[in-house]
Amino acid sequence: MNVRCNFCGHSFSISREFMAEAVPQALEKKQKSVVVECANCRKQVKVPVRQMQRYMPRSAPEEAAE
Ligand SMILES: [Zn+2]
């Protein structure tokens, strides 16, 4: 999925492999967002977990209705 840095406006993509690791960890810690380092300015960009879940291979429980 593509992420846009709030600081420098740079767009970069996060791999599914990264999300597959980061999302369960965030859920375990009850975090609502995952911190990703911007590839350009190296600042920490917060990406909402819900947004990531939409791109995950396995659907989130709340989306299981489909
Ligand atoms: Zn940046």
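In this chain, residues are counted from 1 in sequence order. Counting convention: from 1, in listed order, for ligands and their atoms alike.
- Counting heavy atoms of neighbouring residues, nucleotides and ligands inside a 6.0 Å radius, atom CD of Glu21 does not exceed 12 of them.
- More than 12 heavy atoms of other residues, nucleotides or ligands shown are found within 6.0 angstrom of CD on Gln51.
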Take Gln53 and Leu27 through the side-chain contact (heavy atoms from CB on, under 4.5 Å) test and state the conclusion after the steps.
-> CA-CA 11 Å; Gln53 283 175 324; Leu27 293 175; 3.7 Å; yes

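- Atoms SG and CZ, from Cys5 and Arg42 in turn, are 12.0 Å apart once rounded to the nearest 0.5 Å.
- Protein-derived N/O/S atoms nearer than 2.8 Å to the Zn ion (ligand 1) total 4, waters excluded.
- Note on Val45: it clusters hydrophobically with Tyr55, by side-chain heavy-atom contacts below 4.5 Å among ILVMFWY residues.
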Before giving the answer on side-chain contact (heavy atoms from CB on, under 4.5 Å), spell out for Met1 and Met52 the whole-Å C-alpha distance, their side-chain angles and the decisive distance to 0.1 Å.
-> CA-CA 8 Å; Met1 68 176 275; Met52 282 193 173; 3.9 Å; yes

